[in-house]
Amino acid sequence: MHRTAPRLARILACAAVPVMLVATGCSSGDSGSKKATATPSHSVTPSPSASVKAATFAKLPEVCKSVDEKTVDSLVPKAKKKEGEALPATAPNDSASCFWNGLNGEDPKDLQYRGLTISLKRFSADPTLGSGEKLAATYVGQRTTKAATEDGAKDGKTEKVGGIGDEANSIATDYRKDNDDYRNAIVVTRTANVVISVKYTGAGFEGAKNPDAGDLMKNAQDAAKQVVASVAAANKK
């Protein structure tokens, strides 16, 4: 059952939890040191490895401006902050997220909530771990797996998507929170060494019908394409 109107303000404040991209840490270490011999036969210094390709993108765009105002108005009608809310980041050039949410109550019989989170994660080349593209590709898989169960969702549907960046996955989920039903349309895509996550959430309150899952996903994919273009534009010389 859906909750009553006086409590919608609280629902709007906590209906969707923005998700920030956090890179999985990697470390390496020596398994042990060998005892020195009287007459070393070979140098223990490793031979130089082939150079690692430099990262394609050196910086991220302003995440809250990675989609235009028209897109925000369309995807999140009555957004509380049209300019978006940038989430705290310790290294803004490597990781950034922005969140929009709003409740469209123009029709009392069709109260519609929408939330949009855009997250960016840039990977630099690492002589030990590999190129930024390689690290980003690994993270796409990790982020996709996590997205399928976010918000306690079950039976998430994951598909590969063409035409968005270098690779992309879509994840559709339904979940229930505080006696309300929500739908997520998530797109995880990679453009070179940058991973983009677009999470678009919708719900109907007070008995209103939930948004169509296909429409949610189409909007999420369109937004993802805009963000891919914004990453490229931010790195033009």
Side-chain angles (χ1 to χ4, degrees), residues 1-21 63-64 66-85 87 97-120 143-144 146-159 161 164 168-189 196-227:
M1 295 179 61
H2 296 291
R3 53 186 70 255
T4 56
R7 303 182 68 181
L8 287 178
R10 185 177 70 83
I11 295 174
L12 179 60
C14 63
V17 179
V19 177
M20 298 180 68
L21 290 176
V63 64
C64 290
S66 60
V67 292
D68 57 34
E69 292 183 4
K70 183 178 179 180
T71 297
V72 173
D73 287 339
S74 176
L75 269 61
V76 191
K78 306 297 181 182
K80 291 170 63 177
K81 292 184 178 180
K82 283 191 176 183
E83 69 277 16
E85 179 182 351
L87 304 180
S97 294
C98 190
F99 177 61
W100 296 261
N101 71 339
L103 180 65
N104 188 350
E106 289 186 353
D107 183 351
K109 296 182 180 180
D110 189 24
L111 298 176
Q112 291 291 324
Y113 168 83
R114 296 293 186 272
L116 175 67
T117 304
I118 295 175
S119 298
L120 309 173
R143 177 71 186 100
T144 298
K146 183 177 179 181
T149 57
E150 278 179 7
D151 304 308
K154 298 179 180 179
D155 301 323
K157 298 178 181 178
T158 301
E159 296 180 353
V161 183
I164 307 177
N169 297 321
S170 68
I171 307 95
T173 63
D174 293 328
Y175 67 98
R176 190 168 181 80
K177 181 178 180 181
D178 297 332
N179 294 322
D180 289 302
D181 295 317
Y182 294 84
R183 281 181 169 165
N184 283 335
I186 304 172
V187 177
V188 180
T189 184
I196 298 163
S197 176
V198 174
K199 180 179 180 181
Y200 188 37
T201 303
F205 291 153
E206 295 297 307
K209 186 177 180 181
N210 267 359
D212 179 76
D215 291 340
L216 282 180
M217 185 59 71
K218 182 181 182 302
N219 287 330
Q221 291 179 4
D222 288 344
K225 292 176 182 178
Q226 279 195 41
V227 183

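Considering only residues two or more places apart in sequence or on other chains, Gln226 meets the side chain to side chain contact (heavy atoms under 4.5 Å, CB included) condition with Val67, Asp68, Thr71.
Judged purely by atom type and a 3.5 angstrom limit, Glu85 has no side-chain atom pairing as donor or acceptor with the backbone of Cys64. Side chain of Asp212 to main chain of Gly214: a donor-acceptor pair is present (N/O by atom type, distance under 3.5 Å, no hydrogens or angles). The backbone N or O of Ala208 sits nowhere less than 3.5 Å from a side-chain atom of Asp110 that would complete a donor-acceptor pair. Of the possible donor and acceptor atoms, one in the side chain of Tyr200 sits under 3.5 Å from a partner among the backbone N and O of Leu75.
Going from atom CG of Leu103 over to atom CD of Gln112 covers 8.5 Å, rounded to the nearest 0.5 Å. Taken from CG in Leu87 to SG in Cys98, the straight-line distance is 7.0 Å, to the nearest 0.5 Å.
Looking at every heavy atom in both residues, Leu111 comes nearest to Pro108 through CG-O, 3.8 Å. Here the closest non-hydrogen pair linking Arg114 and Pro211 is NH2-CB, 3.4 Å. Here the shortest heavy-atom pairing between Val187 and Met217 reads CG2-SD, 4.0 Å. In terms of heavy-atom proximity, Ile164 sits nearest to Ala224 at CG2-CB, 4.0 Å. Across all non-hydrogen atoms, the minimal contact from Val198 to Ala220 is CG1-O, 3.8 Å. When all heavy atoms of Ala203 and Tyr182 are compared, the closest pair comes out as CB-CD2, 3.4 Å.
Crowding of Glu69 atom CD: a count of heavy atoms from other residues, nucleotides or ligands under 6.0 Å not exceeding 12. Annotation: Asp155, atom CG; neighbour count of heavy atoms from other residues, nucleotides and ligands within 6.0 Å does not exceed 12.
Of the residues Thr173, Ile186, Ile171, the one that meets the side chain to side chain contact (heavy atoms under 4.5 Å, CB included) test with Glu150 is Ile186.
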